[in-house]
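Working notes, beginning with the structure itself.
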Amino acid sequence: MAILYEKTVDGLCYQVRSAGNSRRLYTGDVFHSQYNPNHAATGSVWDLLFLPSQFYAPGEIKRVLLLGVGGGAVIHMLNRFIGPHQVIGVEINATHIQIAKRFFNLKYKNLQWQHANAIEWMTTYDGDPFDMIIDDLYFEQDGEPQRAIEADASWFDVLTEHLTENGLLVMNFVNYKEWRHSAYYNEDFVAQEFQSVYQFATPTCHNAVIALLKKQTETKQLRASLRQWPELNPERKGCRLRYAVKKIA
């Protein structure tokens, strides 16, 4: 594995490493993103952030909000498979933005960058609602990723306020224990906001990615959508997509 870029900013080391045609972003000891222009799926957690969009018909998801961009692997998948009219990426780390543009080819015309604290940006936002919101907010502590904000009732309230009527909220948790301690399980009004809830996992990491939809769906809809794409159809040889899905509600 070769190091393509290395820079230390405020005591934190940033590296972009290559492994074949893949580009990997490391911030400190945390693996933040991976992108390979020759393969649609990454084989890791970023696939899970994208997958819930396949519960929706083509053209339904027009506006996407990504809170925490990193190298932006999920943005490539969103543009490849659903083609939203607009993607807003909110990222607090200016170095991440520079790296994403330079090494991860994030130069889409539908991508609007917001260099800001995503929590503050979200709590003051008063624009049009989003069809899909992805909460991937993390920071590093003692070499381990930590959620930047607790998934409590007030944070759920902020996020759901800016979803469309049939919108989709995707949240990335460090593990299942963290998800089980979220307000979804502790506050009835949070669970009542959503008609379908799914838990996604992949064998390559411990993360629990949760999809909360404001409409009724079934897992067979997801699988049928994936079969339409050779790159995402697990039944086809060479498919890099590795996931498990469990319906919660």
Side-chain angles (χ1 to χ4, degrees), residues 1-19 21-37 42 44-46 48-50 63-80 84-128 130 132-151 155 158-159 162 169-174 205 207 209:
M1 187 178 294
I3 297 177
L4 302 179
Y5 172 91
E6 184 171 22
K7 183 178 182 180
T8 299
V9 179
D10 296 330
L12 193 59
C13 180
Y14 298 84
Q15 284 187 342
V16 177
R17 306 176 190 174
S18 67
N21 291 317
S22 292
R23 300 290 181 267
R24 298 177 179 179
L25 169 61
Y26 290 82
T27 301
D29 296 321
V30 176
F31 183 18
H32 268 274
S33 198
Q34 176 172 295
Y35 167 61
N36 186 331
T42 67
S44 191
V45 65
W46 303 284
L48 308 185
L49 298 177
F50 151 79
R63 302 186 73 240
V64 179
L65 175 64
L66 176 57
L67 303 175
V69 178
V74 68
I75 294 176
H76 290 295
M77 301 188 75
L78 292 168
N79 277 291
R80 170 71 178 86
H85 296 170
Q86 183 182 44
V87 178
I88 296 179
V90 187
E91 173 61 54
I92 194 172
N93 192 317
T95 304
H96 278 180
I97 295 175
Q98 295 167 7
I99 290 173
K101 291 178 179 178
R102 179 178 172 185
F103 293 98
F104 291 82
N105 201 29
L106 286 185
K107 299 176 182 179
Y108 295 102
K109 292 183 179 179
N110 68 341
L111 174 57
Q112 177 185 328
W113 287 96
Q114 292 287 338
H115 177 207
N117 180 309
I119 300 168
E120 296 176 359
W121 189 92
M122 191 78 255
T123 54
T124 58
Y125 177 76
D126 62 356
D128 293 334
F130 297 92
M132 181 178 187
I133 297 177
I134 302 174
D135 171 358
D136 192 26
L137 294 174
Y138 279 86
F139 67 96
E140 177 188 349
Q141 182 174 315
D142 299 325
E144 297 293 333
Q146 304 289 330
R147 273 190 60 86
I149 183 169
E150 183 181 354
W155 183 235
V158 168
L159 295 172
H162 299 296
L169 172 61
V170 181
M171 304 182 76
N172 189 5
F173 292 87
V174 173
C205 64
N207 295 60
V209 172

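All residue numbers in this chain count up from 1 along the given sequence. Here the structure is a predicted model, which is why all the values come from computation and not from measurement. Hydrogens, waters and symmetry mates play no part in the numbers below; they use all other heavy atoms, side chains included.
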Checklist entry - Taking only residues two or more places apart in sequence, or in another chain, which ones meet F104 in a ring pair (Phe, Tyr, Trp, His ring centres under 6.0 Å)? => result none
Checklist entry - Can you name the ring pair (Phe, Tyr, Trp, His ring centres under 6.0 Å) partners of Y26, sequence neighbours left out? => result F31
Does the side chain of [X] reach to within under 4.5 Å of the side chain of [Y], using non-hydrogen atoms?
| X | Y | result |
| --- | --- | --- |
| T27 | Y138 | no |
| M122 | V90 | no |
| I99 | V16 | yes |

Of all residues at least two apart in sequence or in a different chain, which pass the salt bridge (charged side-chain N to carboxylate O under 4.0 Å, His left out) check with [X]?
| X | value |
| --- | --- |
| R80 | E231 |
| D136 | none |
| R147 | D135 |

Item to check | For N105, side-chain hydrogen bond (donor to acceptor under 3.5 Å, both in side chains) partners two or more places apart | outcome: none
Checklist outcome for this item: Those residues at least two apart in sequence (or on a different chain) that pass side-chain hydrogen bond (donor to acceptor under 3.5 Å, both in side chains) with S33 are none
Checklist entry - Using the ring of each side chain (for Trp, its six-membered ring), is F103 parallel, tilted or perpendicular to Y5, with breaks at 30° and 60°? => result tilted
Next on the checklist: According to side chain to side chain contact (heavy atoms under 4.5 Å, CB included), who are the partners of N110, at least two apart in sequence or on a separate chain?
Outcome noted: N79, P84, V87, Y108
Item to check | Test side chain to side chain contact (heavy atoms under 4.5 Å, CB included) applied to H85 - qualifying residues, sequence neighbours left out | outcome: K62
Item to check | Backbone of D128 reached by a side-chain donor or acceptor of H162 within 3.5 Å | outcome: no
Next on the checklist: Applying salt bridge (charged side-chain N to carboxylate O under 4.0 Å, His left out) as the test, list every pair that has at least one member in residues 9-18; sequence neighbours left out.
Outcome noted: none
Item to check | Sequence neighbours excluded - salt bridge (charged side-chain N to carboxylate O under 4.0 Å, His left out) pairs with any residue from residues 65-75 | outcome: none
Rounded distance [0.5 Å steps], [atom1] in [X] versus [atom2] in [Y]:
| X | Y | atom1 | atom2 | result |
| --- | --- | --- | --- | --- |
| L12 | K7 | CG | NZ | 12.0 Å |
| E91 | Q98 | CD | CD | 11.0 Å |
| N172 | N207 | CG | CG | 4.5 Å |
| N117 | N93 | CG | CG | 12.0 Å |
| L111 | L106 | CG | CG | 6.0 Å |
| I92 | Q114 | CD1 | CD | 13.0 Å |

Item to check | Residue pair W121, Y125: steps toward the ring-ring contact (aromatic ring centres under 6.0 Å, His included) verdict | outcome: CA-CA 6 Å; W121 189 92; Y125 177 76; 4.9 Å; yes
Checklist entry - With respect to H76, which candidate in W46, Y35, F50 satisfies the ring pair (Phe, Tyr, Trp, His ring centres under 6.0 Å) definition? => result Y35
With a 3.5 Å cut-off and sequence neighbours excluded, list the donor-acceptor pairs that the side chains of residues 64-73 form with protein atoms.
none

Where do [X] and [Y] come nearest, in terms of heavy atoms and distance?
| X | Y | value |
| --- | --- | --- |
| T42 | Q34 | O-NE2, 3.3 Å |
| K101 | K107 | O-CE, 3.2 Å |
| A148 | I119 | O-CD1, 3.8 Å |

Checklist entry - Considering the options I134, V209, L159, which one meets the side chain to side chain contact (heavy atoms under 4.5 Å, CB included) requirement together with M171? => result L159
Checklist entry - Passes ring-ring contact (aromatic ring centres under 6.0 Å, His included), Y14 versus H96? Steps please. => result CA-CA 9 Å; Y14 298 84; H96 278 180; 5.7 Å; yes
